[in-house]
Amino acid sequence: MASSVQELNLLRPGHAACAGCGLAIGMKLVLEVMGPRTVAVIVPSCEGAIGGVYPNTSYGVPTFHSAFEIAAPTAAGIANGLKIQGRDDIQVLAFAGDGGTFDIGLQSLSGVAKNNDDILYVCLDNEAYMNTGIQVSSATPSYAWTNTTPEGNPRRKKNIMEIMAAHYNPYSATATIGYPRDLQQKITKAKGIRGTKFIHLLVPCPTGWRTPSDISPELSILAVETNVFPLYEVEEGRKYTINHEPRRLPVQAYLLKQGRFKHLGEEQIRQVQRDVDEEWEKLKHRASLQG
Amino acid sequence: MRDLREGLPESRGGDEIKSVWFVLLCCRAEVITGLSEEIAMKEFMTGNHAVAHAVVLCRTPLIAAYPITPQTAIYEKLSEWEASGILKGIMMRTESEHSAMASCIAASLTGVRTFTATSSQGLALMHEMLHFAAGCRTPVVMANVNRLLAAPWGFWADQLDSLSQRDTGWIQFYCENGQEALDSVIQAYKIAEQVYLPAMVSLEAFFVSHFMEPVDVPEQEEVDRFLPAIHLPHKFDIEKPGFLVPVVSSELYRKYRHMAQTSMDSVKEVALRADLEFKEIFGRGYGIVETVMMDDAEVVIVTAGSITSTARVAVKILREKGYRVGLLKIRLFRPFPAEALQKALGGKRKIAVIDRNNSMGSGGIFCQELRAALVHSPDRPVTFSYIAGIGGTDVTPEVIQKIVFDAMGRDEPEEKPIWVMEE
Ligand code: SF4
C-alpha cells in the first residue's frame, strides 16, 4: 500500500517553495492525476525553485526545465518526438506561470493551440512575477499592490480563458486548489482528449499576496465563492459549462484578507464588484447558449 | 507617391537593382559553363531545394519551421513532400523561429533527428535558443540562408546573421553552392550526432539559395550507408525520471561548459573524418578548408561562401596573366580551423581576406579570426582585410582582381579594413 502512495508522490517533499505555497499544492494535485507516464516541461518561475538545485530534484516524472517563453512549443516538440517513435502513450504536460503564459509565452502558446499539438498546458497563476520578487503581470488583478505597481495595478486582469477559447482548442478549464476534486476531474478529462488542453489554475501565493501561510486553500475557495474566479470549462471554443454554482459572497470577503489589497478604498472595491458581476453575467450567458 | 530617395545619398532605384541581378546571373553562368559534361547526370535545382533534398535523404522525421525570405523554398518544399508522403515525419509549423528552435531542441531530447531552416531576422530571433541547443547538447541541424540584418531592410546576401551567432556553440559551415549545401547538411548530421552539438549550414541569399545549378542528388542507400540511424543518450525515461537542465553551482556550470568545449574541439577531426568517408562513398569532398594553387602563391585570397566560386575564376584569369595568386576557402568556421590555416598559410607573403560581413567597430569577421589564428606563427603573412559584397553587392572576378592588385601594392597592413565600394 505504502509503495503505491509513494509512486503517486510525484512532487516529493523537501522542495523549496515558501510555506503555504498554493503553486506547489497545485502541481502536486496535477501530477497525481497525470501519473508516472508523463514528461513534464517547466519554465523559469517558482517551478524552477521547486525543482531543486542539482543533484536534488523533487519531480518524480522526467522533467525538462526549458526557457521562459516556450513552455508550449517545448512540450509540443516532445509530444511530436515521442509520437514519431510510437510512444504516444506518454502524455506531455507543460507548467508555466502567469508571466510565462499571459505575457512572454502567449505567442508561443497561441502557436501550439493553433496547431492543436497534443499537450496539456497548465498555467499556474499566482497573479504576478513572484519568482523575481513580485512584479506586475497581465494576470495581476485590478488595484493589486506589486513592487512595480506600488500604488496598485491600474489595469484589469487579462481574460486568458477567452483568448484560449478563440483558438477553438478542444478543452480549456479554470480550476483552483481549494477545489481539488474539481481540479483532478478536469485533469482526468483532459488526459482523455487529444490536442491542446489548457488549465487555468489559480494558485494563492502567501509571499506575493501578502497573506498568512495557512490560508491559501481558504483564499482559493473565497476566490470562487465571490465569483472573482468562477470554475468553468470551454470545449472547442464554444461549449461553456459552469462547474460550480458560487455563493456569490461580496468581493470584500476575498480582497480584505490579502495585504496586496489592503489600500483599496470603497469605490475601488465597488468597481471590483461591478467587474466581477459583469463577467459572471457574460459567462452565464455563454453557458446558456448550448443549454 | 513620394520618392523615398529624395535627400538620401547614393540610393538605388528599381531598374538599377534589376541590372545588378542581370550582372549576377551572367557572372554565375560563367562559373557554371566551366563545369564538365557530368552536368547531364545531375538535376538542375536551387540551393534551397538542394537543402530540402538533403533533409529527406537524412530521413529527418521532425522539422519545425517558420517562413522568412529567402529560406521559404526550403520550408515549402519540405511541406510539399510531407503532404505527398515523400517526407516521413512531422512538420511543425510554428508561430516563430524562436519556437521552431524550441521544438527542435525538445524533440531532439526525445531522441529523434530534427531540422529547421531560417535566415537573418529569424536567426536573430532564435538567438536565445541557439545557446540553449548547444547547452542541452542537442544535435539539431539547421540551414541558414545568409541574408542581411535590418535596418535598413533588404533581402540580400550578407554573412553577418550567422557570424554574429558565432559564440552560441553551434558548429558552422559556409557553402559555396547548392551541391555543397546538400552535402554539408548530410555531413552536419554525421558530425553533430557524434559530438552532441548543433550544426548550422549557411548558404548565401539568392547567390546560392535561388540560383539553379546542376546538383547531384545522392542515392538513398548511399546516404543510409554514410549516416546511420540516430542514437542519442539523452532520452526522457519514464522508468528512471531525471530533471533536465537544473540550476547548477558555478563550478558545475564551468565543468559542463568545459566539457562542451572539449567536444567542440574534437569537431575538426570528426569533420575531416566524415568528409573523407563522404568522399569515399560519393566521390566528392571539401575538407574543412580548401586550398587552390597555393604552392608558389605570393598573394592568397581568403574567402568563405559563394565569393569563393567567383574567386576561382579570378585566380584563373590572374594566373593566365602571370600573377602568382592562390585561394583559400574557409568552409568550417566553428570550431575555427586554426591549425589547418596555420599550416596552409605559414610562409606565405600576403593574404587578402574578403569578408561579406562587417562587425561594426571591428571589421571583417573571417579576417579577425584568421589574424588571431596566425598571431603566434613565426612566419605569418601580412594580412589585408577587404570588406566586399556587403548587403548582397556584387563581387565580380574584376572586383577580386582589383583586390589582389591592391594587396600587391601595399607593404604594411592597414589598421582598418578596406571597404570595396564598387558600384
Ligand atoms: S513566491 Fe509564491 S508561488 Fe513562489 S514559491 Fe513562494 S508562495 Fe509559492
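Every chain is numbered from 1, with letters handed out A, B, ... down the list of sequences. As a basis for the values below, the full set of heavy atoms in this structure was taken, side chains included, without hydrogen atoms, waters or symmetry mates.
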Grab the two heavy atoms, one from [X] and one from [Y], that are nearest each other, plus how far apart they are.
| X | Y | value |
| --- | --- | --- |
| B:P241 | A:P62 | CB-N, 3.4 Å |
| A:H65 | B:V245 | CB-O, 3.0 Å |
| A:R87 | B:T110 | NH1-O, 3.8 Å |
| A:G77 | B:M92 | N-CE, 3.9 Å |

Rounded to the nearest 0.5 Å, what separation is found between the [atom1] atom of [X] and the [atom2] atom of [Y]?
| X | Y | atom1 | atom2 | result |
| --- | --- | --- | --- | --- |
| B:K88 | A:I84 | NZ | CD1 | 13.5 Å |
| B:L109 | A:T74 | CG | OG1 | 9.5 Å |
| B:K235 | A:I78 | NZ | CD1 | 14.5 Å |
| A:N115 | B:T94 | CG | OG1 | 8.0 Å |

Among A:A67, A:G60, A:A75, which has the most heavy-atom pairs under 4.5 Å with chain B?
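Heavy-atom pair counts peak at A:A67.
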Donor-acceptor pair, side chain of A:Q107 and main chain of B:S96, under 3.5 angstrom:
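No: the side chain of A:Q107 does not pair with the backbone of B:S96.
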Applying a criterion of heavy atom separation less than 4.5 Å, what residues of residues 53-76 of chain B form contacts with chain A?
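If one takes a 4.5 Å heavy-atom cut-off, the residues of residues 53-76 of chain B near chain A are B:P61, B:L62.
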With chain A as the partner chain, list the residues of residues 251-267 of chain B whose heavy atoms fall under 4.5 Å from it, by residue number, and write 'none' if nothing qualifies.
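So the qualifying residues are B:L252.
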Whether the B:E95 and A:S110 side chains hold a donor-acceptor pair (N or O, under 3.5 Å, no angle test) is what I'd like checked.
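No, because no side-chain N or O of B:E95 sits under 3.5 Å from a partner of the opposite role on A:S110.
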When B:P246, B:G242, B:A100 are compared by non-hydrogen pairs under 4.5 Å with chain A, the top option
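Ranked by contacts with chain A, first place is B:G242.
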Around A:Y168, counting heavy atoms of other residues, nucleotides and ligands shown, do more than 12 lie under 6.0 Å from its OH?
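For A:Y168, atom OH is not crowded (no more than 12 foreign heavy atoms under 6.0 Å).
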More than 12 heavy atoms of other groups within 6.0 Å of A:K83 NZ:
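Check fails, neighbour count at 12 or below.
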Using distance only, find each side-chain donor-acceptor pair of residues 90-98 of chain A under 3.5 Å and give its atom names and separation, not counting sequence neighbours.
residue: A:Q91; atom: NE2; partner: A:K191; partner atom: O; Å: 2.9
residue: A:D98; atom: OD1; partner: A:N126; partner atom: N; Å: 3.2
residue: A:D98; atom: OD1; partner: A:E127; partner atom: N; Å: 3.3
residue: A:D98; atom: OD2; partner: A:A128; partner atom: N; Å: 3.0
residue: A:D98; atom: OD2; partner: A:S137; partner atom: OG; Å: 2.7

Could you check if a side-chain atom of B:E128 sits within less than 4.5 angstrom of a side-chain atom of A:E69, using non-hydrogen atoms only?
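Yes, close enough: below the 4.5 Å cut-off.
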Proximity of residues 40-58 of chain A to chain B, residues having a non-hydrogen atom under 4.5 angstrom
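Only A:I42, A:G51, A:G52, A:V53, A:Y54, A:T57 of residues 40-58 of chain A have a heavy atom under 4.5 Å from chain B.
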Once the angle between the rings of B:F243 and A:Y59 is folded into 0 to 90°, is it parallel (under 30°), tilted (30 to 60°) or perpendicular (over 60°)?
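Ring orientation, 0 to 90° scale: perpendicular.
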Please look at B:C136 and chain A and tell me whether the side chain, the backbone, both or neither of the residue comes under 4.5 angstrom of a heavy atom of that chain.
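For B:C136, the contact with chain A is made by the side chain alone.
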